[in-house]
Structure formats: structure tokens, C-alpha cells
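For reference, the structure discussed in these notes is given below.
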Amino acid sequence: MASAGFFTCMLLALFIGIWPCHAQNVTLSVYYETLCPYCSDFIVNHLVKLFHSRLFSIVNLRLVPWGNAVLQSNGSFLCQHGPDECLLNTIEACTISVYPNEEQHLSFILCLERLASANELNEWINCFNTTGLATVPIDCYKSGYGNVLENQYAAETAQLDPPHKFVPWVLVDGQPLQEDFKNFVTYVCNAYKGEQVPEACHPLPLMNNSLKKATPSYPASLLSADTPYSITWLLIYGIHFSFSFSLL
């Protein structure tokens with residue numbers, strides 16, 4: 001039976017207003033499933049950027065933990081990565097509902113997904129203590145309300161247009177980013193039309209004149225970390241200059 005604390009929190013969420021969205025903010029929606037390694041990687045290594053440089057100030061974050069799960073004819077869930085994923089999808093859905101503050105529930109989900117990446121899922125309950133949140137979402141799960149939330153997420157995911165091709169499926173203001181989802185910050189910054197532009201959306205500062213003068217005039221391709229031959233060519237330049245000086 002659900003605790004009084006759970007129902008109290010749900011009533012507070014209803015009457016307080018569930019953290020109002022800012023009209024000019026960009027809506028960032030992430031459709032995912034808890035034990036998908038690609039989803040965990042995106043949340044832990046990329047979505048975490050929302051905490052950096054005040055990016056959260058211009059984003060309305062929507063996390064939808066359903067992914068490729070299937071709603072069966074008897075009302076039960078069939079999850080891609082097994083029953084544990086169904087459990088954790090529901091726990092995360094309850095956490096989003098009980099703690100509507102985006103930074104709070106993302107902190108919990110970030111903790112859980114880090115454990116998933118490290119194969120330490122048996123410690124997931126410790127994420128409540130780590131993030132300073134009460135365990136009310138567990139009451140939500142036990143009460144059956146988590147299944148109601150998951151049914152809502154299942155319907156929302158099924159209505160995506162175009163349908164999701166994989167997870168994580170990331171949208172900015174309703175537009176899917178397809179395979180470029182890891183570059184979501186650029187899309188968020190381009191979509192934001194407000195005046196309070198966070199530091200994360202500012203262009204990188206130009207190199208000052210003293211640094212420009214100190215930079216050798218190597219071909220630009222040699223200085224690129226993504227160019228496979230850059231180190232080899234820098235070594236060749238180094239040998240050439242060393243040999244030239246030895247002749248002086």
C-alpha cells in the first residue's frame with residue numbers, strides 16, 4: 001500500500017504547479033530506456049552539459065523513459081533489456097513525477113545511468129541518498145502509479161512523428177536530431193530566441209594577437225587533432241628544423 005508521504009507529494013505537485021515552463025525556453029525531449037548503453041552514454045557524457053554554463057536556464061527538459069519497450073495485450077510491459085529495465089524505467093518515471101524540478105530528477109537519473117554504465121545496478125537505490133532525494137518514487141512504483149505513468153509514456157512514444165528509429169531519440173522544439181543528437185547544444189542555442197543567452201551559447205573567444213604571433217605557420221591540417229597524420233608531420237617538421245640548426 002502506498003505511503004501517506006507519496007500521496008502528499010503528488011498533491012503538492014498538483015497544487016504547486018509542477019515547475020512552470022518558461023515561454024521562451026527551448027524544449028529538449030529525450031526518449032530513452034534505462035539500460036540501453038547508448039542512452040546511458042548520452043545521459044552521462046552529453047546531457048550532463050545542461051549543468052554547465054547555465055544551459056539549464058534556457059531549456060525545458062522532458063525525459064521519457066520508455067524507449068523500445070512494448071505494451072502487451074495483458075497490460076504488462078516487455079522491455080528490450082529485460083525486467084530490470086522495466087523496473088528502472090518505472091522508477092525513473094516516478095522520480096520525474098514526484099520531483100518535477102528538472103535539475104533534481106536529472107541528477108537522480110544521471111546517478112542511476114552512471115551505475116548502469118559501470119555494471120553496478122544493484123546499488124541504484126543509493127542514488128536517492130547521493131542526490132539528497134527521499135525514496136518517495138519507490139512508493140509511487142509500489143502503488144501502481146508508476147505503471148500509469150509508463151502507459152502515458154508508451155502512448156506518447158508511439159505517437160512520435162516521424163517515429164523514433166533508435167534510442168536515445170532526441171528532439172529540440174519537436175524536431176528530431178536524428179543521428180546528430182550528441183550535438184544537441186548547438187541546436188538548443190540556435191533555437192533559443194530569448195535575451196538571456198547563457199555562456200554555453202557564446203562563440204569561442206578569438207585568439208589574442210600575442211598568441212597568434214607565437215603560433216608557428218604550420219599548415220592548418222597539421223594542427224588538427226582529428227587529422228591522422230598530424231603527429232607524423234609535426235615530427236618531420238621538428239627533425240627538419242633540428243637538422244637546419246645543427247648546420248649553423
Side-chain angles (χ1 to χ4, degrees), residues 27-50 61-99 102 105-128 130-131 133 135 137-172 174-184 187:
T27 298
L28 175 64
S29 304
V30 181
Y31 295 80
Y32 72 104
E33 54 197 23
T34 52
L35 299 187
C36 160
Y38 301 104
C39 298
S40 297
D41 173 73
F42 175 68
I43 292 170
V44 171
N45 297 312
H46 300 279
L47 195 61
V48 69
K49 294 174 185 176
L50 288 176
L61 177 65
R62 295 196 66 256
L63 295 171
V64 183
W66 177 258
N68 295 322
V70 175
L71 184 59
Q72 302 191 99
S73 58
N74 63 359
S76 63
F77 307 147
L78 181 65
C79 296
Q80 185 172 5
H81 300 93
D84 286 345
E85 183 168 74
C86 288
L87 164 66
L88 294 174
N89 281 350
T90 310
I91 289 292
E92 292 194 2
C94 282
T95 303
I96 293 166
S97 177
V98 173
Y99 296 105
E102 297 161 3
H105 64 242
L106 179 57
S107 294
F108 174 84
I109 291 169
L110 187 61
C111 174
L112 195 154
E113 296 301 331
R114 280 193 181 117
L115 292 176
S117 297
N119 294 317
E120 297 175 354
L121 271 179
N122 58 325
E123 299 179 17
W124 70 265
I125 199 169
N126 294 333
C127 287
F128 289 110
T130 301
T131 56
L133 302 180
T135 58
I138 295 178
D139 296 328
C140 165
Y141 170 79
K142 291 179 178 179
S143 74
Y145 186 65
N147 286 350
V148 174
L149 296 171
E150 281 293 272
N151 272 279
Q152 293 172 357
Y153 286 150
E156 180 181 339
T157 303
Q159 292 169 4
L160 283 170
D161 184 18
H164 76 284
K165 299 176 183 177
F166 50 81
V167 288
W169 189 249
V170 181
L171 287 75
V172 170
Q175 298 301 312
L177 305 189
Q178 304 283 352
E179 287 82 0
D180 201 27
F181 62 90
K182 290 183 180 179
N183 197 29
F184 75 94
Y187 290 91

Distance from [X] atom [atom1] to [Y] atom [atom2], nearest 0.5 Å?
X	Y	atom1	atom2	result
T95	H105	OG1	NE2	9.5 Å
T157	N68	OG1	CG	9.0 Å
L177	L171	CG	CG	7.0 Å
L149	I91	CG	CD1	11.0 Å
C39	Q80	SG	CD	8.5 Å
L47	E113	CG	CD	10.5 Å

Within a strict 4.5 Å, meaning less than it, do heavy atoms of the [X] and [Y] side chains meet?
X	Y	answer
Y32	V64	no
L110	V48	yes
Y145	V98	no
L63	I43	no
H81	N89	no
H46	D41	yes
P65	I96	yes

query: Hey, mind stepping through L115 and N126 against side-chain contact (heavy atoms from CB on, under 4.5 Å) and telling me if it holds?
result: CA-CA 10 Å; L115 292 176; N126 294 333; 5.8 Å; no

Do you know which two heavy atoms are closest between [X] and [Y], and how far apart they sit?
X	Y	value
T131	C127	OG1-O, 2.6 Å
E85	L35	OE2-N, 2.9 Å
C94	Y141	SG-N, 3.6 Å
T34	S40	O-OG, 3.5 Å

- request: Sort and list the pairs that fulfil ring pair (Phe, Tyr, Trp, His ring centres under 6.0 Å) and have at least one residue in residues 149-168, not counting sequence neighbours.
  value: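 Listed once each, the pairs are F166-W169.
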
field: Contacts of type disulfide bond (SG atoms under 2.5 Å apart), residue C79, not counting sequence neighbours
entry: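 C86.
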
message: What verdict does the side-chain contact (heavy atoms from CB on, under 4.5 Å) test give for V30 and V167, after you've listed the backbone C-alpha separation in whole Å, the side-chain angles of each residue and the deciding distance to 0.1 Å?
response: CA-CA 9 Å; V30 181; V167 288; over 6 Å; no

- prompt: How far apart are the C-alpha atoms of E120 and R114, what are their side-chain angles, what is the distance that settles it, and do they pass the side-chain contact (heavy atoms from CB on, under 4.5 Å) test?
  reply: CA-CA 9 Å; E120 297 175 354; R114 280 193 181 117; over 6 Å; no

- request: Given side-chain contact (heavy atoms from CB on, under 4.5 Å), test F77 with L71 step by step and report yes or no.
  value: CA-CA 5 Å; F77 307 147; L71 184 59; 3.4 Å; yes

- request: Using ring-ring contact (aromatic ring centres under 6.0 Å, His included) as the criterion, point out the one residue from F42, Y187, Y31 that pairs with F181.
  value: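 That would be F42; it is the only one of F42, Y187, Y31 passing the ring-ring contact (aromatic ring centres under 6.0 Å, His included) with F181.
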
Distance flag, aromatic centroids of F108 and Y99, threshold under 6.0 Å: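 No, too far apart.
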
